[in-house]
Amino acid sequence: MVAPDSLSMPEVSVAQGVVVLRGDWTLRALSPQLARMRRVLEQSRSVASWDLGGVSRLDNFGAQLLWRHWRQTRPGQLRAAPELLRVIDAAEALGNAALPAPPRHWLAPVHALGDPLLALVSHIVELLRLVGQLGIDLAYLCVRPQLWPLREFSANLFKTGVRAMPVTALVGFLIGVVLSYLSALQLKAFGADIFIVNILGLGIIRELGPVLVSVLVAGRSGSAMTAQLGVMRVTEEIDALATMGISRHVRLVLPKVMALAVAMPLLVLWASGVAILGGMVSARLQLGIGFGFFLQTLPTVVPIANLYIAIAKGAVFGVVIALVACHFGLRVKPNTESLSANTTASVVSAITAVILMDAVFAIATRHIGVPL
Amino acid sequence: MTAPVVELAGIVTRFGKTVVHDGVDLAIPAGEVVTLVGGSGSGKTTLLREIVGLLTPTAGEVRLFGEPLHSGSRAEQVRRRRRFGMLFQQGALFSAFDVFDNIAFPLRELRCLTADEVHDAVMLKLAMVELQPEHGLRMPAELSGGMIKRVALARALALEPELLLLDEPTAGLDPDRSAAFVRLIRALQAQLGLTVVLVTHDLDTLAALSSRVAVLAERRILACDTLDRIIELDHPFVERFFRTETSRRAMARGLESI
Ligand SMILES: Nc1ncnc2c1ncn2[C@@H]1O[C@H](COP(=O)(O)OP(=O)(O)OP(=O)(O)O)[C@@H](O)[C@H]1O
Ligand SMILES: [Mg+2]
C-alpha cells in the first residue's frame with residue numbers, strides 16, 4: 001500500500017529503444033508539470049516499446065494521457081502490472097465517445113430574428129393570462145370569502161409598504177431639496193420667487209412622486225417578489241403547493257398585487273409629502289419663503305385633482321409592478337442562471353412599463369387639474 | 001505505519017441547545033471503505049460536512065491526510081481539498097451548467113488541462129457511472145433523481161481523488177445500478193487504494209462494500225469494526241438495524257453479489 005501523502009514525481013526516460021516510465025502517473029502528480037510531461041512524451045513518439053514497470057500509481061487521467069499520446073492504439077510492446085493494464089483497458093474501452101454536437105440549423109439567422117419577437121408575444125400572452133386568471137380567482141373569492149389570503153396580504157403590505165418608508169422618505173426629501181434649489185436659482189433671476197410653490201407642488205405631486213416611488217418599489221419589492229417566486233420554482237415548492245390543491249395565483253400572486261395596490265398610493269403620498277417638505281426647507285433658505293405662506297398657497301395653485309391623479313397613478317403602477325414581478329417569477333426555469341436573468345428582466349420591464357403608463361396618464365389627464 | 005487519511009478526535013457539535021456529537025473519535029486508514037451508519041438525524045451528514053470543512057465542530061480536531069484541516073498556506077489548503085471528492089446527499093449539481101460542464105468544472109479549474117483532455121476525462125467519468133455521452137448535454141433539472149446521483153458521483157470523481165465521501169450514494173438508484181455502483185467503487189479501490197467514507201441505509205451496498213462499519217449512536221461512535229463483529233454488538237440500534245430478518249437477507253444478498 002502506498003502512503004497517502006507520499007508523492008513520487010512522474011518521470012520518463014528512454015533506454016535502449018524502450019520508454020521507461022516511473023513514479024506516480026496521477027492527476028495530482030502530473031498537473032504541476034503537465035506541459036513539460038506532454039513535451040517529453042512527444043519526444044518519444046516513434047518508440048514502440050514501453051515499460052510501465054516502475055509506475056507506482058496510474059489513475060484514469062494518466063492512462064488517458066498516455067492513450068492519447070499513443071494515438072488510440074496500444075504500443076507494440078507494453079510491460080505493465082495487471083492493475084495498471086486494467087486502467088489502460090478502461091481508457092481503451094471508452095473508444096471515441098464524444099459529446100454529440102449541438103444540432104445546427106440552416107435557419108438559425110431567421111430564428112435569431114424571430115425568436116425575440118415570439119418571446120415578446122409570449123410575454124404579452126402570458127401576462128394577459130395571468131391577469132385573466134387573477135380576475136377569475138377574484139370572482140371565485142367573492143363567492144368564497146373565507147379563502148381570501150388575508151394573512152399573506154398583510155405580511156406583504158408590511159414588507160412592501162412599511163419597510164419602504166425610510167428609503168422613500170430619504171430619496172424624496174433630497175429630490176425636493178435639489179429641485180427647489182435649482183428652480184430657485186432661475187426664479188430669482190426673473191423675480192418670480194412666488195412660483196416656486198407652483199413648480200414644486202405640481203411637479204412633485206403629479207409627476208415626480210409617483211414615478212420616483214415606482215422606481216424605488218420596482219427595485220426593492222419587484223425584484224424580491226421575482227426572486228422569491230423563482231426560488232420556489234427552483235426548489236419545487238410551487239409544485240408542492242399545486243399538489244395540495246392550493247392555487248399559486250390566489251396564494252402567491254394575489255396578495256402581492258393587492259399589497260402593492262394599497263401600499264403604493266400611500267407611499268406616493270408619503271414620499272410626495274416629504275419631498276415638498278424638503279422643497280419648503282430649501283425655498284425658505286434660498287428665497288426666504290416661509291412655511292406658513294408656502295402651505296397656504298399650495299392648495300390654491302395646485303388643484304386637488306392632482307392629488308387624486310397621484311393616488312390613481314400609485315395604485316395602477318403598484319399593480320403593474322406586482323404583475324410584472326410575478327409574471328417573471330413564474331417563468332423562472334429551475335436553474336440559477338434563469339433566476340438571475342428573470343430578476344433583472346423583471347426590474348427593467350417594471351420600470352419601463354411604469355414610465356409607459358405614466359405617459360398614458362399624461363395624455364389621458366391632460367385637461368384635468370392643470371391651471372390654465 | 002502511515003497516518004490515517006481521516007482522523008477525528010473529540011468532535012463535539014452543537015446547534016444551539018441540541019448536541020449532535022459529543023466526543024466523536026474515528027480514524028480511517030488509507031484504503032479502507034468505512035460505512036457510517038446511524039439513525040436518521042443522528043448527525044452523519046453533519047459529520048461528513050465537518051470532515052470536508054464545510055462546518056467547524058464546536059470542539060475537537062479534524063485531520064485529513066495526517067494534517068489539520070485548516071493548516072498550511074492557502075495553496076496547500078487548495079491542494080488538500082483537491083485530494084478528496086464529495087457526493088452530497090441532494091446532489092448539489094450546478095443548476096446553470098449542463099452535465100458535461102458540471103463534471104468538467106473542477107478539471108478546468110486546474111487551469112492546466114487542454115480542452116481535449118478535459119473532454120476525454122469527462123467522457124470516461126460518464127461511462128464509469130453508466131451514463132451516455134448524450135446525457136452530457138442535459139441540464140440538471142432534466143435528470144431523474146438517480147441520474148443526479150450518478151452525475152454527482154462522476155463530478156466527485158473528476159479530480160481522481162484519494163478520498164471519497166459519499167452521502168447516501170445509492171438512495172434513488174435501482175438495484176442494478178446499486179450493484180454497478182458497488183463494482184465501480186471496488187474497481188477504483190483496486191486501482192488507487194481509494195479511501196471511502198460512505199453513509200448509507202442500504203444494507204446490500206453496506207455488506208458488499210464496507211471493510212469496516214462505524215456506528216454513530218448516542219452522539220458518538222459506538223464502535224468501528226468489521227461487519228461481522230458489529231452485528232454481534234449488544235445495542236438497541238444495532239439490534240434494529242442489522243438483526244432483523246430483512247436486514248440479514250439484504251446483507252446476504254450484498255455479500256453474494258461480490
Ligand atoms: N444547520 C443546522 N442547524 C440546526 N440543526 C441542524 C443543522 N444541521 C443539522 N442539524 C440537526 O443535526 C442533526 C443531524 O443532522 P444530519 O443531517 O447530520 O442527520 P443525518 O444523520 O445525516 O440524517 P439522515 O440519515 O436523515 O440524512 C439533526 O437533528 C438536524 O436537525
Ligand atoms: Mg444525511
Side-chain angles (χ1 to χ4, degrees), chain A residues 1-7 24-38 56-65 67-68 72 82-103 233-236 333-341, chain B residues 1-6 29-31 64-67 79-80 82-83 93-100 104 107 110-114 116-128 132-137 139-142 157-163 187-188 190-195:
Chain A
M1 174 66 27
V2 196
D5 7 30
S6 72
L7 190 66
D24 279 358
W25 283 72
T26 58
L27 181 61
R28 185 160 80 95
L30 285 166
S31 57
Q33 43 188 332
L34 200 53
R36 190 175 69 82
M37 295 314 292
R38 284 194 204 108
S56 44
R57 271 194 284 195
L58 176 70
D59 67 4
N60 292 301
F61 179 77
Q64 282 189 311
L65 188 72
W67 190 249
R68 202 172 309 108
Q72 269 86 21
E83 308 94 85
L84 300 193
L85 282 178
R86 262 206 299 278
V87 187
I88 294 172
D89 287 343
E92 181 172 8
L94 184 64
N96 281 331
L99 205 59
R233 284 273 318 196
V234 174
T235 55
E236 300 183 3
K333 297 208 174 56
N335 70 66
T336 48
E337 196 59 47
S338 164
L339 179 62
S340 81
Chain B
M1 187 62 211
T2 60
V5 175
V6 180
L64 275 190
F65 306 106
E67 296 156 43
R79 260 192 306 255
R80 192 172 306 133
R82 287 188 177 148
R83 292 174 67 178
L93 298 180
F94 302 123
S95 60
F97 293 168
D98 63 16
V99 166
F100 182 92
L107 291 165
L110 289 177
R111 310 274 163 131
C112 59
L113 305 193
T114 63
D116 277 349
E117 284 166 351
V118 170
H119 175 271
D120 288 359
V122 173
M123 285 301 133
L124 185 64
K125 297 294 168 325
L126 278 178
M128 275 178 164
Q132 304 301 317
E134 302 86 86
H135 291 137
L137 293 177
M139 298 303 283
E142 300 161 2
L157 290 173
L159 290 181
E160 311 283 345
E162 295 154 61
L163 168 64
L188 285 170
Q191 265 172 41
L192 283 172
L194 199 67
T195 313

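Computed from heavy atoms alone, side chains included, the values below leave out hydrogens, waters and symmetry copies. Below, read A as the first sequence line, B as the second, and so on, with proteins coming before strands; counting in each chain starts at 1.
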Quick one: what part of A/L339 sits under 4.5 Å from any heavy atom of chain B, side chain, backbone, both or neither?
neither

Where on B/A127 is there a heavy atom nearer than 4.5 Å to chain A: the side chain, the backbone, both, or neither?
side chain

I need the A/L27 CG to B/R83 CZ distance, nearest 0.5 Å.
12.5 Å

Select one option (side chain, backbone, both, neither) describing which atoms of B/L159 are under 4.5 Å from chain A's heavy atoms.
both

So which atom in A/L99 and which in B/G136 form the shortest heavy-atom distance, rounded to 0.1 Å?
CD1-CA, 3.8 Å

Should the pair A/R57-B/E160 be classified as a salt bridge under the 4.0 Å nitrogen-to-oxygen rule?
no

Taking side chain as everything from C-beta outward and backbone as N, CA, C, O, which of these in A/A35 sits under 4.5 Å from a heavy atom of chain B? Side chain, backbone, both or neither.
neither

B/C112 and A/S31: which non-hydrogen atoms are nearest, and at how many Å?
SG-O, 3.4 Å

Quick one: does A/L34's side chain get under 4.5 Å of B/T114's, heavy atoms only?
no

I need the A/N335 CG to B/F94 CZ distance, nearest 0.5 Å.
13.5 Å

Under a 4.0 Å threshold between the charged nitrogen and the carboxylate oxygen, would B/D116 count as salt-bridged to A/R68?
no

Which one of A/P334, A/P100, A/S340 has the most heavy-atom pairs closer than 4.5 Å to chain B?
A/P100

Report the option among B/L113, B/T195, B/L110 that has the most heavy-atom pairs separated by less than 4.5 Å from atoms of chain A.
B/L113

Based on non-hydrogen pairs under 4.5 Å, which of A/R86, A/E337, A/Q64 is most in contact with chain B?
A/Q64

Neighbour count >12 (heavy atoms, 6.0 Å) for atom CD, A/E236
no

Quick one: which of A/L84, A/N60, A/T336, A/L30 has the most heavy-atom pairs under 4.5 Å with chain B, could you say?
A/N60

Is the shortest heavy-atom distance from the side chain of B/E162 to the side chain of A/R28 under 4.5 Å?
yes

